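We count ligands from 1, going down the list as the structure has it; atoms in each ligand are counted the same way. Remember, predicted model here, so these are calculated numbers, not experimental data. Residue indices begin at 1 and follow the sequence shown.
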Amino acid sequence: MAACCENNEHDPKAKSVEEALEIILDTSAPLQDSEWLPLDAALDRILARDQRASSPIPAWPNSAMDGYALRAADGDVPRTVVGSSFAGHPFAGSIASGEAIRIMTGAIVPADCDTVVPQEQTERAGDTVRFISAIRAGANIRGVGEDLAPGELALAAGTQLRPSQIGVLASLGLSEIEVFRRLRVAFFSTGDELQPLGRELRAGEIYDSNRHSLLALLRRLGVEAIDLGRLPDDPERIGNTLRHAGESADVIITSGGVSVGEADYIAELLQRQGTVQFWKMNMKPGRPLAYGRIGQADFFGLPGNPVSTIVTFYQFVAPALRKRMGCRAPWTAPRLRLPCAIALKKKPGRTDFQRGQLLQTAEGLQVVPVKAQSSHILTGMAQAECFLILPADAGDLPAGSIVDVQLLEGMV
Ligand code: AMP
Ligand code: MG
């Protein structure tokens with residue numbers, strides 16, 4: 001294979017980031033198989049079917065405030081309090097002209113009443129309630145079906161079940177829910193220098209950190225992560241492991257051995273045992289990235305430099321896995337446009353994914369790159385809260401330039 005070209009920024013044989021992502025997403029087929037789970041076991045899973053309301057929510061007109069339910073047409077005159085309606089304990093009688101009932105938030109508003117006056121706007125003396133301000137007809141009543149009408153779509157298939165979506169399904173009364181099965185993602189790291197954690201290192205050896213980063217990334221996505229361990233740079237062993245994984249996994253991810261060194265076998269093995277879509281990209285960090293298919297599995301050969309492994313995972317693997325898991329589009333993280341507080345160094349030719357931090361300033365949110373931008377300095381990645389995405393054709397950028405930003409974390 002042609003030598004990769006570290007000194008030349010643009011490599012004409014390499015795919016652009018945009019083109020690569022398009023190919024990856026086009027060839028990532030969503031799962032079809034589903035399973036039923038108890039609702040509380042379905043957090044972060046993907047809904048397999050549209051969920052519609054079978055009855056209206058709310059099911060009854062109910063009070064939005066603690067106060068008094070009455071008929072507005074009687075005017076602002078005092079009312080006689082003839083009973084009460086509490087949440088879970090409706091008022092059983094009827095309410096005549098000049099009467100009101102005490103009512104609590106969430107309690108049914110009787111059919112005779114059309115308005116709730118909040119307690120703070122009333123004065124109570126014995127059985128009589130008077131009103132401090134004018135009564136607003138129709139106020140403070142939550143209408144039937146205001147949240148969902150019968151048959152209305154509550155959550156669409158492909159929705160990931162975050163805490164609020166779990167709440168919506170519970171409000172529909174669903175104790176079991178149909179979700180897509182977990183995507184099976186097998187992964188392993190390659191490199192003669194790699195050692196397991198806890199072992200004392202000899203000259204030239206390093207700990208196999210990538211496999212742990214990858215496991216953590218996969219767990220966050222909610223896939224079934226199949227850890228195939230650490231392999232030496234031995235094409236036969238790597239080839240056998242790839243063949244086996246290609247028979248059972250939906251996706252295979254490797255780290256290392258994907259560039260053009262003497263001990264880099266991944267791209268060659270992919271070519272021999274499967275199909276290669278591409279194996280180089282015009283991005284920084286992470287120029288070598290092999291993408292293709294082995295057996296029934298999609299294959300990602302990620303570069304071994306620890307920062308490149310994580311960046312390429314976030315940018316290419318995560319969107320592909322989201323699509324394959326059955327998630328609805330968009331599969332990529334949203335981009336904000338934010339000013340960069342300092343000048344940025346960049347050579348034209350490759351899309352740059354700089355690791356950055358957010359700055360809260362009086363003028364609003366800004367970003368700054370972290371100091372360590374080399375692809376072997378993992379602590380730089382660990383300091384990052386966001387990516388600064390600089391387009392391939394961009395060169396150095398002055399302070400204050402508006403750049404594309406992707407946040408690494410969302411809310412819980
Ligand atoms: P490679 O992609 O195999 O050429 O590796 C590029 C760099 O990443 C080398 O410095 C490797 O030692 C390092 N590296 C490869 N695999 C790992 C790993 N699993 N954990 C930490 N560093 C790695
Ligand atoms: Mg290697």
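Scanning the protein for heavy atoms near atom 10 (O) of ligand 1, the closest one is N305 OD1, 4.1 Å. Looking from atom 9 (C) of ligand 1 to the surrounding protein, the closest heavy atom is E193 OE2, 4.2 Å. Protein heavy atom in closest approach to atom 19 (N) of ligand 1: D208 OD1, 2.8 Å. The shortest contact between atom 16 (N) of ligand 1 and any protein heavy atom is with N210 ND2, 3.6 Å.
For ligand 1, the atoms sitting less than 4.0 Å from at least one non-hydrogen atom of I206 are 12 (O), 21 (C), 22 (N), 23 (C), numbered in the order shown with element in parentheses. Taking every heavy atom of Y207 and a limit of under 4.0 angstrom, the matching atoms of ligand 1 come to 20 (N), 21 (C). Contact atoms of ligand 1 toward S189: 19 (N) (distance under 4.0 Å to a heavy atom of the residue). Taking every non-hydrogen atom of G257 and a distance limit under 4.0 Å, the qualifying atoms of ligand 1 come out as 1 (P), 2 (O), 3 (O).
Counting heavy atoms closer than 4.0 Å to ligand 1, residue R230 contributes nothing at all. Within the 4.0 Å heavy-atom criterion, the part of S255 lying near ligand 1 is the side chain and not the backbone. By the criterion of a heavy-atom distance under 4.0 Å, the side chain of L194, and not its backbone, is placed next to ligand 1.
Residue E247 places its CD atom among more than 12 non-hydrogen atoms of other residues, nucleotides or ligands, all under 6.0 Å distant. In R337, the CZ atom is crowded: over 12 heavy atoms of neighbouring residues, nucleotides or ligands sit closer than 6.0 Å.
Atoms OG1 and CD, on T27 and Q277 in that order, are 5.0 Å from each other to the nearest 0.5 Å.
Every N/O-N/O distance between R211 and ligand 1 stays at or above 3.5 Å.
In this structure, D298 does not pair ionically with K323, as no charged nitrogen and carboxylate oxygen lie closer than 4.0 Å. E22 has no carboxylate O lying under 4.0 Å from a charged side-chain N of K15, or vice versa, which leaves the two without a salt bridge.
Between Q373 and K345, every side-chain heavy-atom pair lies at or beyond the 4.5 Å cut-off. No side-chain heavy atom of V129 sits under 4.5 Å from any side-chain heavy atom of V117.
Within the 4.0 Å heavy-atom cutoff, H376 does not count among the residues contacting ligand 1. Residue contacts with ligand 1 include S209, since one or more of its heavy atoms lies under 4.0 Å from the ligand.
Summarising the contacts of atom 15 (C) of ligand 1 with G286, S308, P306, G304, the nearest heavy atom is found in G304.
The main-chain N or O of G222 is found under 3.5 Å from a side-chain atom of R182 such that the two form a donor-acceptor pair.
Exactly one residue among L390, I389, T312 makes a side chain to side chain contact (heavy atoms under 4.5 Å, CB included) with F353. That residue is I389. Put simply, the residue from L359, V367, L358 that forms a side chain to side chain contact (heavy atoms under 4.5 Å, CB included) with E385 is L358.
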